Amino acid sequence: MQYWLMKTEPEECSIDDFAKDPSAVIMWDGVRNYQARNFMRTMAIGDEVFIYHSRCANIGIAGIVRVTRMAYPDPTQFDTNAPYFDPKSTPDKPRWDAVDLQFVRKFTRVIALDELKNEPALANNPVVRKGNRLSVIPVTKDERDAILALL
DNA sequence: GCCAACGTTGGC
DNA sequence: GCCAACGTTGGC
């Protein structure tokens, strides 16, 4: 079992979108960064993912979801009408992948970025680094335990 | 909304 | 292969 953190702007997809139907499976599409894609390709079913809300009033970790389907070609890359359309991608040579995610839990409060920055166990995690743009981030077991201990 | 930091693109 | 220009991310 591996642990992850994925960033999202809550106006696009928030922990509440998972929580409102805990049985629903949401396709995590639109990742257009090679490093993030490569991390997604190493995800396994059952891996736990912290949902991080960025670019919003309450920045931080809002809850946990889990992987229900391993990486597969992101259909939005072929959709000329989608904002994530990639003209350099073809069905026999897809560039981008998606995974499927399902609700696990919503935290009683958002763990704020400031708290993450103040937690020594997270000092090496990209999420607290200034200017970091990686939207799919591996989280070690120790880091995961430290995050949950902040609740 | 601003803007620093970053990843990607493309001319050379 | 370099690197300037560009577009995007994301905290503030």
Side-chain angles (χ1 to χ4, degrees), chain A residues 2-20 26-43 47-67 69-140 142-151:
Chain A
Q2 300 178 95
Y3 301 99
W4 306 94
L5 180 147
M6 288 170 116
K7 293 181 191 169
T8 176
E9 297 183 22
E11 283 182 12
E12 244 186 85
C13 179
S14 80
I15 192 69
D16 289 323
D17 293 311
F18 288 95
K20 72 185 175 195
I26 294 180
M27 178 176 69
W28 199 267
D29 58 19
V31 172
R32 295 294 182 268
N33 169 284
Y34 289 105
Q35 198 182 357
R37 181 204 65 184
N38 292 342
F39 281 134
M40 282 208 301
R41 287 182 172 174
T42 71
M43 288 181 175
D47 281 3
E48 287 191 351
V49 180
F50 288 108
I51 293 296
Y52 176 93
H53 290 170
S54 68
R55 241 175 181 277
C56 59
N58 203 0
I59 296 168
I61 301 176
I64 298 175
V65 299
R66 67 184 173 87
V67 177
R69 183 181 172 188
M70 289 174 62
Y72 59 97
D74 176 350
T76 65
Q77 71 194 302
F78 311 124
D79 180 356
T80 51
N81 295 317
Y84 297 126
F85 174 66
D86 184 347
K88 292 180 182 164
S89 211
T90 59
D92 45 315
K93 269 209 143 193
R95 301 172 102 191
W96 308 113
D97 281 9
V99 294
D100 286 352
L101 303 173
Q102 186 177 24
F103 183 70
V104 172
R105 65 182 283 210
K106 177 184 174 178
F107 295 158
T108 51
R109 63 183 188 84
V110 172
I111 303 175
L113 177 58
D114 269 354
E115 296 177 76
L116 302 175
K117 284 180 175 170
N118 287 329
E119 170 50 54
L122 298 176
N124 292 322
N125 191 283
V127 74
V128 299
R129 265 206 300 274
K130 183 183 177 181
N132 167 69
R133 301 172 58 173
L134 188 60
S135 64
V136 179
I137 298 175
V139 173
T140 67
D142 286 349
E143 289 170 340
R144 176 253 194 189
D145 292 344
I147 290 167
L148 292 179
L150 291 172
L151 277 173

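Hydrogens, waters and symmetry mates are skipped; everything else that's a heavy atom, side chains included, is used. Worth saying up front: this structure is predicted, and the values here are computed from it rather than measured.
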Might you list the N or O atoms of the protein lying below 3.5 Å from N or O atoms in nucleotides 2-8 of chain C, with each pair's distance?
{"unit_1": "dG7(C)", "atom_1": "N2", "unit_2": "Arg133(A)", "atom_2": "NH1", "d": "3.1"}
{"unit_1": "dG7(C)", "atom_1": "N2", "unit_2": "Arg133(A)", "atom_2": "NH2", "d": "3.4"}
{"unit_1": "dT8(C)", "atom_1": "O2", "unit_2": "Arg133(A)", "atom_2": "NH1", "d": "3.2"}
{"unit_1": "dT8(C)", "atom_1": "O2", "unit_2": "Arg133(A)", "atom_2": "NH2", "d": "2.5"}

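The separation between Asn58(A) atom CG and dC12(C) atom C1' is 14 Å, rounded to whole Å. Straight-line distance from the CD atom of Glu11(A) to the P atom of dT9(C): 14 Å, rounded to whole Å. Across the protein-nucleic acid pair, His53(A) atom NE2 and dT9(C) atom P stand 17 Å apart, rounded to whole Å.
Look at Lys130(A) and you won't find any side-chain N or O under 4.0 angstrom from OP1 or OP2 of dG11(C). Using a 4.0 Å cut-off, some side-chain N or O of Tyr52(A) falls inside it from OP1 or OP2 of dG11(C).
Contacts of Val127(A) classified as side-chain contact (heavy atoms from CB on, under 4.5 Å), with partners at least two apart in sequence or in another chain: Leu5(A), Tyr52(A), Asn125(A), Ile137(A). Residues forming a side-chain contact (heavy atoms from CB on, under 4.5 Å) with Lys130(A) (at least two apart in sequence, or on another chain): none. Listed by chain and residue number, Arg41(A), Asp97(A), Val99(A) satisfy the side-chain contact (heavy atoms from CB on, under 4.5 Å) test with Ala71(A) (two or more places apart in sequence, or in another chain). A search for salt bridge (charged side-chain N to carboxylate O under 4.0 Å, His left out) contacts involving Glu143(A) returns nothing, not counting sequence neighbours. In terms of the ring pair (Phe, Tyr, Trp, His ring centres under 6.0 Å) criterion, residue partners of Trp96(A) (sequence neighbours excluded) are, by chain and number, Tyr34(A). The side-chain contact (heavy atoms from CB on, under 4.5 Å) check on Asp79(A) picks up Asn81(A), Ala82(A), with sequence neighbours excluded. A search for salt bridge (charged side-chain N to carboxylate O under 4.0 Å, His left out) contacts involving Lys7(A) returns nothing, not counting sequence neighbours. With sequence neighbours left out, the salt bridge (charged side-chain N to carboxylate O under 4.0 Å, His left out) criterion links Arg69(A) to no other residue. For Tyr84(A), the side chain to side chain donor-acceptor pair (under 3.5 Å) test picks out Glu12(A), with sequence neighbours left out.
Within a heavy-atom distance below 4.0 Å of DNA chain C, the residues of residues 108-123 of chain A found are Leu113(A), Lys117(A). Less than 4.0 Å separates DNA chain B from at least one heavy atom of each of the following residues of residues 27-40 of chain A: Asn33(A), Tyr34(A).
In this structure, the side chain of Glu9(A) does not engage the main chain of Glu11(A) through any donor-acceptor pair within 3.5 Å.
The two atoms that bring Ala62(A) and Ile15(A) nearest to each other are CB-CG2, 3.7 Å, heavy atoms only.
Each of Asn132(A) and Arg55(A) lies near DNA chain B, and the nucleotide nearest Arg55(A) is the one positioned closer to the 5' end.
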